[in-house]
Amino acid sequence: MPTVLQVLPALDSGGVERGTVEIVAALAADGWTPLVASAGGRLVSSVEAAGGRHIALPLNTKSPVQILRNIERLTRLIRAEKVSLVHARSRAPAWSAFFASRQTGVPFVTTYHGAYGEGGAGKRLYNSVMARGEKVIVASAFMAKLVHRRHGTGDDRLRLIPRGIEPAVFEPSAVGPVRVARVAAGWGIPEGVDVVLLPARLSRWKGQDVLIAAMGRLRRPDLRFVLLGGEAGREGYAETLRALAAKVGVGAQLVFAGHCDDMPAALLRATIVVSPSTEPEAFGRAVIEAQAMARLVIATNHGGAAETVRDGETGLLVPPGDPAALAEALARALDMPDSSRRAIGARARREVRERYTVAEMQRATLEVYEQILGGEHRT
């Protein structure tokens, strides 16, 4: 059976990393040999538990010297492990993997994970490696159009494979009150208090500042607003957000919750979940996770979220970077009868379970691998 090598910078947290682990599990279950090369991180144990093997390489660098050295490291690895296919998930390691694949004659696949900024010719060239795969996987129609527009990638090489949720994990009836109470206690929020949750790493384009500005306009001191995402390496931005919250008079309502190991319980505790990204999300897994838990989601009307949220039907959409519009949508959602919020949440949950599951993402990705390899490995 074939050996598939996935390469990415590190295995700490995030959608890229989780997708890597999910494909490891699918490969192992199908009898393939899954390898992952990265600089390591807390999800290495998840790769191993899923049936894969992790190879530690310094792939978390953009240094041209290290990228060149990583070509040789990956070339040796591909040959030693008799790798059948390489799947790159991030730009710097993708350049190393691209040239290593060329040197070894091994097929090269990419997942174009983000709507990367293009500040000039150099940046456009740097980004272009993600469109150099024999097949280029994208998670949304928005990304398919972007890759085609920027790189001329045709439908013959593009593969639209949305991300997904585990229905058994993101299942409201499977989350007991003890789990929900434990999460809320960690946030310091008593029972009965409405919670607006923003689950995203602390990053300027994720829109935490937009939410805080909207809070200042909303003027509902009974609410708590929870930012769910670690501060490590982003302490300066966190201090900026705290200062903004104090300036608009909502410092006492804002909770910096850090990482959460029980996302289903966190989402179930939320009254409203927001995704106010100021730049388009390539997909937006946090949105479908919240919808799977039957939460009412308010998201920015661009990128992947515009495909997973139907305004007024399975959530609410607002213009990007508009605190006034977000405040208005929050007021509308909070003032809805519980039955109306539940109806929107139920419709969203039903659509997510029909269209966006990990199992379907895994099946479609392995199908891409099989198409490239020709299926000769099947017995």
Side-chain angles (χ1 to χ4, degrees), residues 1-57 59-60 73-74 76-90 93-94 97 100-101 104 106-111 113 133-137 139 159 161-171 174 261 263-264 283 285 288-289 292 356-379:
M1 297 296 282
T3 297
V4 173
L5 171 65
Q6 297 182 82
V7 297
L8 68 164
L11 279 163
D12 290 312
S13 64
V16 173
E17 294 81 355
R18 289 165 62 189
T20 300
V21 174
E22 289 161 355
I23 293 304
V24 165
L27 290 167
D30 218 29
W32 301 44
T33 300
L35 304 178
V36 176
S38 83
R42 65 189 188 93
L43 291 181
V44 167
S45 59
S46 298
V47 166
E48 294 168 346
R53 181 156 61 89
H54 179 260
I55 297 94
L57 292 177
L59 295 172
N60 59 339
R73 293 176 177 124
L74 288 171
R76 288 196 298 270
L77 175 63
I78 290 167
R79 287 175 174 155
E81 298 292 340
K82 296 181 172 56
V83 170
S84 311
L85 180 146
V86 176
H87 185 169
R89 293 179 172 274
S90 186
S101 297
T104 56
V106 170
F108 179 67
V109 174
T110 59
T111 295
H113 277 288
E134 293 186 30
K135 301 297 180 186
V136 179
I137 297 171
R159 290 293 180 271
I161 304 177
R163 296 178 185 175
I165 54 96
E166 287 282 7
V169 174
F170 290 91
E171 166 54 55
D261 292 327
M263 278 303 301
F283 179 73
R285 190 197 295 246
I288 64 166
E289 288 178 347
Y356 304 112
T357 65
V358 168
E360 177 56 24
M361 182 274 290
Q362 291 169 321
R363 183 205 64 76
T365 303
L366 265 62
E367 184 177 87
V368 169
Y369 296 165
E370 290 185 337
Q371 288 172 351
I372 291 173
L373 295 174
E376 295 94 345
H377 60 281
R378 288 298 184 191
T379 58

Val169/Val358 under side chain to side chain contact (heavy atoms under 4.5 Å, CB included): CA gap, chis, key distance, verdict: CA-CA 11 Å; Val169 174; Val358 168; over 6 Å; no
- prompt: Under the side chain to side chain contact (heavy atoms under 4.5 Å, CB included) criterion, do Thr111 and His87 qualify, and how do the steps go?
  reply: CA-CA 8 Å; Thr111 295; His87 185 169; 2.7 Å; yes
field: Stepwise ring-ring contact (aromatic ring centres under 6.0 Å, His included) check, Phe283 with Tyr356
entry: CA-CA 11 Å; Phe283 179 73; Tyr356 304 112; 5.6 Å; yes
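For the side-chain contact (heavy atoms from CB on, under 4.5 Å) test with Pro34, the passing option among Ile23, Val4, Val24 is Val24; the others fail.
The distance from atom CE of Met361 to atom CZ of Arg285, rounded to the nearest 0.5 Å, is 6.5 Å. One distance of note links CG of Asp30 with CD of Gln362; it measures 10.0 Å at 0.5 Å rounding. A distance of 11.0 Å separates CD1 of Ile55 from CD of Gln6, quoted to the nearest 0.5 Å. Between atom OG1 of residue Thr357 and atom CZ of residue Phe170 there is a gap of 13.0 Å, rounded to the nearest 0.5 Å. Rounding to the nearest 0.5 Å gives a distance of 5.0 Å between CD1 of Ile137 and OG1 of Thr365. One finds the CD atom of Glu370 at 7.5 Å from the CD atom of Glu367 (value rounded to the nearest 0.5 Å).
Note: Trp32 and Tyr369 have tilted aromatic rings, judged against thresholds of 30 and 60 degrees for the angle between ring planes.
With sequence neighbours excluded, the residues satisfying side-chain contact (heavy atoms from CB on, under 4.5 Å) with Ser90 are Pro9, Pro93.
Although no hydrogens or angles enter the test, the distance criterion places no donor-acceptor pair under 3.5 Å between the side chain of Thr110 and the main chain of Val136. Without hydrogens or angle criteria, Arg89 side chain to Val7 main chain gives no donor-acceptor distance under 3.5 Å. Remark: the backbone N or O of His54 is not paired with any side-chain donor or acceptor of Glu48 at under 3.5 angstrom.
Taking a cutoff of 4.0 Å between a charged side-chain nitrogen and a carboxylate oxygen, Arg18 and Glu22 do not qualify as a salt bridge. Salt bridge present: Glu81 and Arg53 bring a charged side-chain N and a carboxylate O closer than 4.0 Å.
The heavy-atom pair separating Val83 from Val106 by the smallest distance is O-CG2, 3.5 Å. The shortest non-hydrogen separation linking Glu134 to Pro107 is OE2-CA, 3.3 Å. Considering every non-hydrogen atom in both Ala28 and Ala50, the closest pair reads CB-O, 3.5 Å. Of all non-hydrogen atoms in Ser101 and Ile78, the two that sit nearest each other are N-CD1, 4.3 Å. The shortest non-hydrogen separation linking Asp12 to Leu43 is O-CG, 3.5 Å. Among all heavy-atom pairs drawn from Ala37 and Leu59, the shortest one is O-CD1, 3.3 Å.
Within the 4.5 Å cutoff, no side-chain heavy atoms of Leu85 are placed close to those of Pro2. Looking only at side-chain heavy atoms (C-beta outward), Leu27 and Leu366 come within less than 4.5 Å of each other. Two residues are said to be in side-chain contact when any heavy atoms from C-beta on lie closer than 4.5 Å; Arg163 and Glu289 fail this criterion.
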